[in-house]
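Owing to the predicted nature of the structure, the values given are computational and were not obtained by experimental measurement. Residue numbering restarts at 1 for every chain, and letters A, B, ... go by the order of the sequence lines. The basis for the numbers below is simple: all heavy atoms, side chains too, and nothing from hydrogens, waters or symmetry mates.
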There are 2 protein chains.
Amino acid sequence: MSEEQMTIREMCDAYDVTPRTLRFYESKELLFPIREGQKRLFTKRDRARLKLILRGKRFGFSLEEIRQLLDLYDMGDQQATQLQRTYDVARQRLQDMEEQRDELNEAIDDLREQLKWGEQIIADFEKDLKAAQ
Amino acid sequence: MSEEQMTIREMCDAYDVTPRTLRFYESKELLFPIREGQKRLFTKRDRARLKLILRGKRFGFSLEEIRQLLDLYDMGDQQATQLQRTYDVARQRLQDMEEQRDELNEAIDDLREQLKWGEQIIADFEKDLKAAQ
DNA sequence: GCACTGCTTGACGTTAACGTAAGAGAGACG
DNA sequence: CGTCTCTCTTACGTTAACGTCAAGCAGTGC
């Protein structure tokens, strides 16, 4: 439990993910834990990346998109261009999310409208049922 | 092109779906086209169901959920209970959608916040770059 | 020496909603 | 009769993000 390196289990507990997930992210080159013998040790850098990964997922980025963003951050050269591209990707994503939300809102309004009908139909039906008794 | 029955292609053109999709829905017991020889003929009932299917998809129902709802409508007996159940399912779905929208809105706000930072960082960076020339 | 625990590497399984390709029948047209 | 067009069935392919074994090494406690 050194401050600098964490085992896979410590990572799982700290970030609420499964070992499989961390190994999967490593296989996809999202994380690069070092090895002590056969065991993985996750560094501060891995933790920073994992935070970004989880945050990216919240934003609806795919793991592949996240990997590309992470790579851009890591290139360390031509940073202005890279930042600009990162920014562009993020803005595009934001726009997609807003469109998605708008569609969702339309669907919600639509469904609400349906439900109003539904309530009316059910109410009528129950009235008829009672009247029929 | 009779008014009552439509071929698969007419259906595709009318509802903007592929033949595969219609056959798939049939295999999933969402549609029940009749046969003329080996060819499918879609009835008025199929068209009504297809409309509901497509609308259901907009609402984020899975095909399986839609099938269950469609079946409920078709039972024709104990209708009050069935309607109530349909209504309950729909209301649950509405709630899910609203939660999803709220999460999406949070993520959007979050991402917007990030982008504000991003703009600042990029601006600073470009200033530095220019200053360095 | 042995059990127990934790970690490892494969490698196949899962889910939804179709896409896509192969091979063939059936009716219309000239 | 040949060709065209439409349709049919069958069945494997696709995608994402892991889940779920299976089998085995490594260290620790007793």
- Message: Rounding to an integer number of Å, can you tell me how far B:L22 CG sits from D:dT7 P?
- Response: 11 Å
Using the 3.5 Å cut-off, write out each protein N or O paired with an N or O of nucleotides 18-20 of chain D and the distance between them.
unit_1 : atom_1 : unit_2 : atom_2 : d
D:dC18 : OP1    : A:K57  : NZ     : 3.4
D:dC18 : OP2    : A:Y25  : OH     : 2.7
D:dC18 : OP2    : A:K57  : NZ     : 2.8
D:dG19 : OP2    : A:T18  : OG1    : 2.9
D:dG19 : N7     : A:R20  : NE     : 3.1
D:dG19 : O6     : A:R20  : NH2    : 3.0
D:dT20 : O4     : A:R20  : NE     : 3.1

- Message: Could you work out, with salt bridge (charged side-chain N to carboxylate O under 4.0 Å, His left out) as the rule, every residue matching A:D110, not counting sequence neighbours?
- Response: B:R58
- Over how many whole Å does the gap from A:R58 atom CZ to D:dA17 atom P extend? 17 Å
- the helix from C:dG1-D:dC30 to C:dG30-D:dC1: angle between end helix axes, five pairs per end, rounded to 10 degrees: 30°
- Quick one: is A:R35 getting a side-chain N or O under 4.0 Å of the C:dT9 phosphate, OP1 or OP2? yes
- Task: Could you tell me which residues satisfy side-chain contact (heavy atoms from CB on, under 4.5 Å) with B:D102, sequence neighbours excluded, listed by chain and number?
- Result: none
- Message: Taking salt bridge (charged side-chain N to carboxylate O under 4.0 Å, His left out) as the definition, give me every residue that meets it alongside B:R49, ordered by chain and number, with sequence neighbours left out.
- Response: B:D74
- Query: Starting at the 5' end of DNA chain C and moving along, which residue's nearest nucleotide shows up first, A:F42 or B:S62?
  - Reply: A:F42
- Item | Separation of D:dT7 P from B:L41 CG (nearest whole Å) | 11 Å
- Note on the structure: Applying side-chain contact (heavy atoms from CB on, under 4.5 Å) to B:R91 and not counting sequence neighbours gives A:L115, B:Y87
- Message: So, using side-chain hydrogen bond (donor to acceptor under 3.5 Å, both in side chains) as the criterion, who are the partners of B:R93 when residues are at least two apart?
- Response: none
- Task: May I have the distance from B:L30 (atom CG) to C:dC18 (atom C1'), rounded to whole angstrom?
- Result: 13 Å
- Contact summary for A:K57 and A:I66, nearest pair of heavy atoms: N-CD1, 3.8 Å
- Message: Tell me the interatomic distance from B:K28, atom NZ, to C:dT15, atom P, rounded to whole angstroms.
- Response: 11 Å
Return the polar atom pairs (N/O with N/O) between nucleotides 3-7 of chain C and the protein under 3.5 Å, or none.
unit_1 : atom_1 : unit_2 : atom_2 : d
C:dC7  : OP2    : A:R9   : NE     : 3.4

- Query: CD1 of A:I66 versus C1' of D:dA17: gap in Å, rounded?
  - Reply: 11 Å
- Message: If the condition is salt bridge (charged side-chain N to carboxylate O under 4.0 Å, His left out), which residues does A:D13 pass it with, not counting sequence neighbours?
- Response: A:R9
- Mind checking what makes salt bridge (charged side-chain N to carboxylate O under 4.0 Å, His left out) contact with B:D109, not counting sequence neighbours? B:R112
- By the rule that ILVMFWY residues connect when side-chain heavy atoms come within less than 4.5 angstrom, directly or transitively, which residues belong alongside B:F32? none
- Between A:R67 and A:E64, does at least one N-O distance fall below 4.0 Å, as a salt bridge requires? yes
- Query: By side-chain contact (heavy atoms from CB on, under 4.5 Å), which residues pair with B:E26, not counting sequence neighbours?
  - Reply: B:P33, B:R35, B:R40
